[in-house]
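Every chain is numbered from 1 and lettered A, B, ... according to where its sequence line falls, protein lines coming before strand lines.
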Amino acid sequence: MICSTNNPAQKRFFSRFAVAMLVYAALLVPTIAIFVHYRPSGLLAYGLAILPALPILGMLVVVGLYLAEEKDEFIRNMQIQALLGGIGGTLALVSVWGFLENFTQVPRLELLLVYPAFWGFVGLSTAVVWLRNR
Amino acid sequence: MKNRLRVLRAEREWSQADLAERLEVSRQSVNAIETGKFDPSLPLAFKLARLFETTIEAIFSDEG
C-alpha cells in the first residue's frame, strides 16, 4: 500500500483488512480442529472447508471498496498499477509453474500459496510503482 | 503535459503541502502533477483552475 498521511480511505482499508484477517484466523483454527477430531464428511465437510476462504474473499472486497472510496486519483492510480502488477506476477508464476509441473519434476504448487504469492507480487509491484513516481 | 502549477503556487507562496490541502489530495499527487508525471482528471483540473482563479488552458498546455 502506497500510504499518504491522513487518508480516511486508507484508514478504513487497514481496519477492514485487519478485521478480515482476524475472522480468517478465528475460522481457520476451529476448522482445522474439527477436521482433526471429528473427521466430518459429505456436505458438512465441503461447507466447513470453504469457511476459512470466506474472509479471504472478504479481503478482496475490502480492496475493491478501498479503490471505490479513494478520493486521491493519483494514489488510486498507483494502487491500481500495483494490484495489476500483483495479478500479472501471480498469473505468470502459476502459468510457468503449471508447464514446469507438466513437463518436469518440480513439486506440485500448493494452491493455498497462490493468494499469499499474489500479495507478495503486489508488495514488489508497489515498491516499483513508488520508485517510479517518487 | 506541461503545466504552470509550480509558478502559480510560488506566486502565492504556497508549499506543495498547502496546495494539496486546498485540493484535498496528497502532497505526492501535487508533486506528480507538477512534474508532469501524472495528468489530473478533468474535475481535478477544474478544481485547480477555480483555486487559481484562471482557466484550465492557462495552467496546462499540451504543446511540446
Side-chain angles (χ1 to χ4, degrees), chain A residues 1-21 59-90 118-134, chain B:
Chain A
M1 169 77 64
I2 294 153
C3 295
S4 61
T5 51
N6 296 322
N7 183 321
Q10 287 188 350
K11 283 177 185 164
R12 281 195 295 275
F13 168 79
F14 285 120
S15 308
R16 290 167 178 164
F17 204 85
V19 169
M21 286 191 69
M59 288 176 204
L60 297 175
V61 173
V62 166
V63 172
L65 283 173
Y66 165 68
L67 291 177
E69 292 173 0
E70 177 58 73
K71 288 192 167 65
D72 190 316
E73 57 192 58
F74 173 65
I75 297 290
R76 184 174 61 236
N77 188 46
M78 287 205 294
Q79 304 290 7
I80 289 171
Q81 285 181 38
L83 286 164
L84 283 175
I87 293 166
T90 310
F118 162 72
W119 283 111
F121 281 116
V122 171
L124 283 175
S125 190
T126 299
V128 172
V129 170
W130 184 81
L131 284 171
R132 280 178 56 202
N133 290 287
R134 72 189 162 143
Chain B
M1 195 181 285
K2 285 188 173 181
N3 66 76
R4 296 181 56 244
L5 264 191
R6 193 181 295 272
V7 175
L8 291 166
R9 192 168 57 74
E11 284 171 1
R12 285 156 182 80
E13 296 183 340
W14 290 348
S15 66
Q16 286 188 341
D18 294 333
L19 178 56
E21 196 179 330
R22 285 173 168 84
L23 290 171
E24 296 176 307
V25 299
S26 62
R27 192 199 55 76
Q28 295 100 307
S29 299
V30 170
N31 185 56
I33 296 167
E34 249 184 41
T35 53
K37 287 179 181 170
F38 179 72
D39 294 332
S41 66
L42 210 45
L44 185 54
F46 272 115
K47 205 169 180 179
L48 275 163
R50 271 196 298 274
L51 190 62
F52 287 116
E53 295 173 321
T54 184
T55 59
I56 292 175
E57 293 93 328
I59 303 175
F60 295 97
S61 158
D62 59 353
E63 291 163 13

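- Atom CG in B/Leu44 sits 12.0 Å away from atom CZ in A/Phe74 (nearest 0.5 Å).
- Proximity to chain A (any heavy atom under 4.5 Å) is shown, for B/Pro40, by both the backbone and the side chain.
- The distance from atom NZ of B/Lys37 to atom CZ of A/Arg132, rounded to the nearest 0.5 Å, is 10.0 Å.
- Separating the CD1 atom in A/Ile75 from the CD atom in B/Gln28 is a distance of 4.5 Å, to the nearest 0.5 Å.
- The number of heavy atoms from other shown groups lying within 6.0 Å of CZ (B/Phe46) does not exceed 12.
- Options B/Val25, B/Leu23, B/Asn31 differ in how many heavy-atom pairs under 4.5 Å they form with chain A, and the most are formed by B/Val25.
- With rounding to the nearest 0.5 Å, the separation of CD in A/Glu73 from CD1 in B/Ile33 is 6.5 Å.
- In this structure, B/Glu34 places its CD atom where more than 12 heavy-atom neighbours from other residues, nucleotides or ligands lie under 6.0 Å away.
- The neighbour count for A/Glu69 CD, taken as heavy atoms of other residues, nucleotides or ligands under 6.0 Å away, is above 12.
- Under the 3.5 Å distance criterion, the side-chain polar atoms of A/Asp72 are matched with a main-chain donor or acceptor of B/Ser26.
- Atom CE of A/Met21 has 12 or fewer neighbouring heavy atoms from other residues, nucleotides or ligands inside a 6.0 Å radius.
- Atom CD of B/Glu53 sits in a sparse spot, with 12 or fewer heavy atoms from other residues, nucleotides or ligands closer than 6.0 Å.
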